[in-house]
Student: 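Before I ask anything, let me first share the structure, which is written out below as structure tokens.
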Amino acid sequence: MTTAHETLERWARTPYKYGFVTDIEAESVPPGLSEDVIRLISGKKDEPPWLTEWRLKAYRHWLTMTEPRWPNLHYPPIDYQAISYYSAPKQGQRPRSLDEVDPRLIETYDRLGIPLEEQKLLAGVAVDAVFDSVSVATTFKEKLAELGIIFCSFSEAVRNHPELVRKWLGSVVPYNDNFFATLNSAVFTDGSFVYVPKGVRCPMELSTYFRINAAATGQFERTLIVADEGSYVSYLEGCTAPMRDENQLHAAVVELVAHADATIKYSTIQNWYPGDEHGRGGIYNFVTKRGKCLGRRAHISWTQVETGSAITWKYPSCLLLGDDSVGEFYSVALTNHRQQADTGTKMVHVGRNTRSNIVSKGISAGRGQNTYRGLVRIGRQATGARNFTQCDSLLIGDQCGAHTFPYIDVGNRTAHLEHEATTSKIGEDQMFYCNQRGLSKEDAVSMIVNGFCKEVLRELPMEFAVEAQKLLEVSLEGSVG
Amino acid sequence: MLEIRNLHVRVDGHEILKGLDLSVHAGEVHSIMGPNGSGKSTLAQVIAGRDLYEVTGGQIVYQGRDLLELAPEERAGAGVFLAFQYPVEIPGVSTSYFLKSALNAVRRQRGESETDAVEFLELVKDKIQALGMDERLLSRALNEGFSGGEKKRNEILQMAVLEPRLAVLDETDSGLDIDALRIVADGVNRLRSADRAFVVVTHYQRLLNYIVPDVVHVLVDGRIVRSGGRELALELEERGYGWLEQEAGATAVGA
């Protein structure tokens with residue numbers, strides 16, 4: 001008879017499904033970072049001088065910065081000169097339609113479960129596919145354009161909508177914000193751009209699928225979403241990478257701007273390669289995500305399911321400037337084997353009657369270490385601000401860890417804050433109970449974990465909630481004690 | 001149906017069951033009574049396959065199979081059901097989802113087709129009404145915030161849905177008021193049939209007024225020291241367990 005512990009061990013050993021490498025000729029810049037490399041990247045993208053200058057300004061500032069040491073993360077020093085900052089599949093001319101995209105790229109996305117042919121796509125989901133440093137295809141663009149919605153790669157936005165990019169780039173996450181965001185500002189390659197005009201409700205989910213393929217390269221994408229007054233958009237990103245013994249750096253920046261009465265719902269299913277059970281390989285995921293609720297009643301909601309990466313460092317945040325604006329953060333972070341996550345959110349209340357809601361579910365298995373770090377700040381003017389925070393940790397086995405660092409900073413006496421936190425363990429009692437009712441140990445664990453995450457999973461767009469559930473199952477395979 | 005021979009069980013190095021024999025046939029209801037710490041719950045948990053308990057000797061044969069060789073979920077599939085003394089809570093998992101998953105897991109093991117949502121609701125509705133349970137409990141997280149009585153009724157509901165061959169009830173009567181006790185007993189009585197057996201573990205005779213057993217066994221210090229009919233339970237109610245414990249002690253010394 002296998003014990004629950006053995007079953008969880010086995011579960012944890014299930015291989016990463018997306019670890020293949022696409023054999024495609026790539027054009028990469030040699031490893032190393034300098035002003036020349038930045039000019040080269042900017043030149044490859046035919047960028048206007050102001051953007052090249054912006055990058056260089058960021059780079060020069062970055063040289064004066066040091067990597068943050070405060071996170072509860074342990075990793076050897078990163079050699080920023082050993083990374084290649086640009087890699088793109090060779091495909092001659094920029095493809096104008098899907099027919100011109102290299103079939104190996106289309107096949108890659110097929111294997112990842114993201115068909116790029118529009119007729120095969122999930123109804124109601126438009127996809128921008130980013131492969132290493134470039135966007136290779138964006139679907140449903142024309143259909144969205146009829147409504148005035150811009151959904152394209154970042155590079156394309158720089159070419160076709162420079163006034164919008166120039167206005168909003170760095171407006172939420174400035175070029176000098178933090179070590180990783182500043183690095184990104186200097187070397188960012190591609191990503192997605194979304195603009196939803198006044199009063200338009202985007203009729204389909206927009207999504208970007210990020211794929212790292214090339215070895216020894218970093219991925220530095222940048223996403224910018226601007227929702228004009230009274231508009232609505234739901235956006236989802238997914239990510240995977242091949243299995244490699246070396247660690248690869250991913251340092252992205254996401255900026256959201258919500259005007260008055262606009263709603264942006266941003267969901268992430270992060271499944272970068274997590275490394276093997278001994279902690280070899282895996283992505284270092286250092287990401288800065290922030291949204292600004294500019295106008296009254298603006299609403300930004302972050303939902304994330306973080307199961308991949310060797311290291312996750314991210315704090316999707318909301319600046320609640322407009323009166324009555326709302327920020328939300330729903331998170332499931334799972335660490336198995338030797339994975340480490342230090343993740344949470346910042347809710348900065350500036351406007352009056354602003355509200356924020358934080359629900360964080362951390363799951364630790366194997367030797368995983370999971371840290372919730374969050375800040376709720378109520379500014380002096382934020383009369384009537386409210387926050388509710390709930391942080392739950394679930395431990396599987398006896399070699400993992402859960403840590404919680406909530407910071408609360410209140411500058412207005414009318415504020416109302418609530419904080420709830422729990423830590424629990426999948427007990428032998430729960431496992432045995434499920435087994436006695438006929439459920440296998442694997443089914444029992446996934447049922448308990450999914451139950452634990454329910455409040456977050458139900459925030460995901462329907463099409464992806466099921467995928468997220470499966471991902472949790474796979475990511476945990478082998479782990480209950 | 002169930003044949004237990006010379007069963008020895010340890011927990012944390014202490015021997016709890018010290019050569020227990022029990023024979024239960026299909027269609028029978030056996031009651032296991034005994035003082036606290038005599039090993040009643042241990043017996044129930046060992047039959048269900050809890051791995052905290054180490055079986056150091058003896059055997060359990062169930063429908064001709066060596067029960068000890070089977071994992072807990074395989075025992076469930078083979079028709080063994082345990083109504084827990086302390087049912088667990090599973091946050092975020094609705095009672096109906098849990099029950100449907102359990103039913104389908106058991107059906108898969110038995111080579112039967114799985115039930116769909118509509119069929120399942122039909123099946124469960126009647127049973128939940130018969131148990132006087134609030135239908136809304138089905139959409140609430142399993143046992144979370146349930147009263148003691150609701151938890152125990154939920155155990156009986158699960159039993160009714162899973163239709164086991166051998167049902168072991170571990171102190172299902174504890175913490176129930178008289179009305180709840182009657183409802184639970186009715187639920188059990190409805191399931192009594194010629195091809196199903198019950199082992200009812202209880203400390204008090206009270207439950208046996210409602211679930212009338214065929215055989216009553218008294219468990220003292222890890223062994224069954226006396227078996228008899230219903231009247232044995234009544235005698236225990238009158239005289240307590242002391243006299244049997246003394247007798248058992250004398251036997252042990254004599255041996």
Side-chain angles (χ1 to χ4, degrees), chain A residues 1-8 10 330 332 359-361 363 390-396 420-459 465-466 468-469 472-473 480-481, chain B residues 44-45 47-53 55 67-95 97-110 141-144 151 154-155 157-159 161-164 167-168 170:
Chain A
M1 205 192 307
T2 57
T3 64
H5 191 74
E6 284 164 357
T7 310
L8 280 178
R10 194 156 14 90
Y330 301 97
V332 170
V359 179
S360 162
K361 304 279 181 173
I363 302 157
Q390 184 186 336
C391 284
D392 298 325
S393 305
L394 184 69
L395 300 168
I396 302 175
E420 289 178 8
T422 65
T423 301
S424 54
K425 214 176 152 181
I426 288 194
E428 290 282 347
D429 287 347
Q430 281 177 325
M431 287 296 289
F432 180 63
Y433 189 87
C434 294
N435 295 158
Q436 208 300 306
R437 296 298 185 253
L439 298 164
S440 68
K441 299 196 166 61
E442 285 83 357
D443 290 348
V445 174
S446 77
M447 180 181 276
I448 294 166
V449 168
N450 275 308
F452 175 75
C453 302
K454 193 178 187 182
E455 291 150 282
V456 174
L457 297 180
R458 72 176 171 214
E459 294 296 324
V466 177
Q469 269 186 20
L472 283 173
E473 279 166 32
V480 180
Chain B
Q45 298 263 328
I47 292 172
R50 184 81 201 242
D51 60 6
L52 287 174
Y53 299 88
V55 176
L67 196 64
L68 296 174
E69 283 296 305
L70 302 180
E73 58 271 28
E74 293 168 334
R75 298 183 196 196
V80 175
F81 180 90
L82 172 64
F84 284 71
Q85 184 178 4
Y86 304 108
V88 303
E89 300 181 0
I90 305 186
V93 176
S94 75
T95 302
Y97 182 77
F98 177 82
L99 198 44
K100 182 162 159 273
S101 304
L103 178 61
N104 283 333
V106 163
R107 286 195 172 186
R108 274 197 302 275
Q109 289 196 55
R110 294 173 189 166
L142 185 72
N143 290 327
E144 205 180 32
K151 285 183 184 178
N154 194 12
E155 293 294 289
L157 173 68
Q158 294 183 43
M159 179 170 77
V161 169
L162 296 175
E163 301 185 322
V168 181
D170 189 4

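Atom set for the values below is all heavy atoms of this structure, side chains included, hydrogens, waters and symmetry mates excluded. Numbered from 1 within each chain, the chains take letters A, B, ... in sequence-line order.
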Student: Report which part of A:Asn450 has an atom under 4.5 Å of a heavy atom belonging to chain B: side chain, backbone, both, or neither.
Tutor: neither
Student: Between chain A and each of B:Pro91, B:Gly77, B:Ala141, B:Pro164, count heavy-atom pairs under 4.5 Å; write down the option with the most.
Tutor: B:Pro91
Student: With a 4.5 Å limit on heavy-atom distance, are the side chains of A:Cys434 and B:Ile90 in contact?
Tutor: yes
Student: Determine yes or no for a side-chain-to-main-chain donor-acceptor pair under 3.5 angstrom, with A:Gln430 supplying the side chain and B:Glu89 the backbone.
Tutor: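 Yes, the answer is positive, given that a donor and an acceptor are paired below the 3.5 Å cut-off.
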Student: Does any heavy atom of chain A fall under 4.5 Å from the side chain of B:Phe98, the backbone, both, or neither of them?
Tutor: both
Student: So for B:Arg108, is it side chain, backbone, both, or neither that comes closer than 4.5 Å to the heavy atoms of chain A?
Tutor: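 Looking at B:Arg108, just its side chain touches chain A.
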Student: Counting only non-hydrogen atoms closer than 4.5 Å, does B:Leu162 touch chain A with its backbone (N, CA, C, O), its side chain (CB onward), both, or neither?
Tutor: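 Contact with chain A is through the side chain of B:Leu162 alone.
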Student: Does some side-chain heavy atom of B:Arg50 sit less than 4.5 Å from a side-chain heavy atom of A:Gln436?
Tutor: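 No, their side chains stay 4.5 Å or more apart.
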Student: Return the minimal non-hydrogen interatomic distance between B:Ala105 and A:Gly438, and the atom names on each side.
Tutor: CB-O, 3.3 Å
Student: Which heavy atom in B:Pro72 sits nearest to a heavy atom in A:Lys441, and how many Å separate them?
Tutor: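 Between these two residues, the closest heavy atoms are CD-NZ, 4.3 Å.
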Student: Counting heavy-atom pairs under 4.5 Å to chain A, which of B:Val93, B:Leu103, B:Leu52 comes out on top?
Tutor: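 Among B:Val93, B:Leu103, B:Leu52, the one with the most close pairs to chain A is B:Val93.
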Student: Taking every heavy-atom pair that is under 4.5 Å apart, which of B:Val80, B:Leu99, B:Leu142 has the most such pairs with chain A?
Tutor: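 Option with the top pair count is B:Val80.
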Student: Angle class for the B:Phe84/A:Tyr433 ring planes (parallel below 30°, perpendicular above 60°, tilted otherwise)?
Tutor: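 It falls in the tilted class, 30° to 60°.
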Student: Nearest heavy-atom pair of A:Leu439 and B:Glu73: which atoms, and what distance?
Tutor: O-CB, 3.6 Å
Student: Using only atom types and a distance under 3.5 Å, with no angle test, would you say the side chain of A:Arg437 pairs donor to acceptor with the backbone of B:Leu82?
Tutor: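 Looks like yes, one N/O pair under 3.5 Å.
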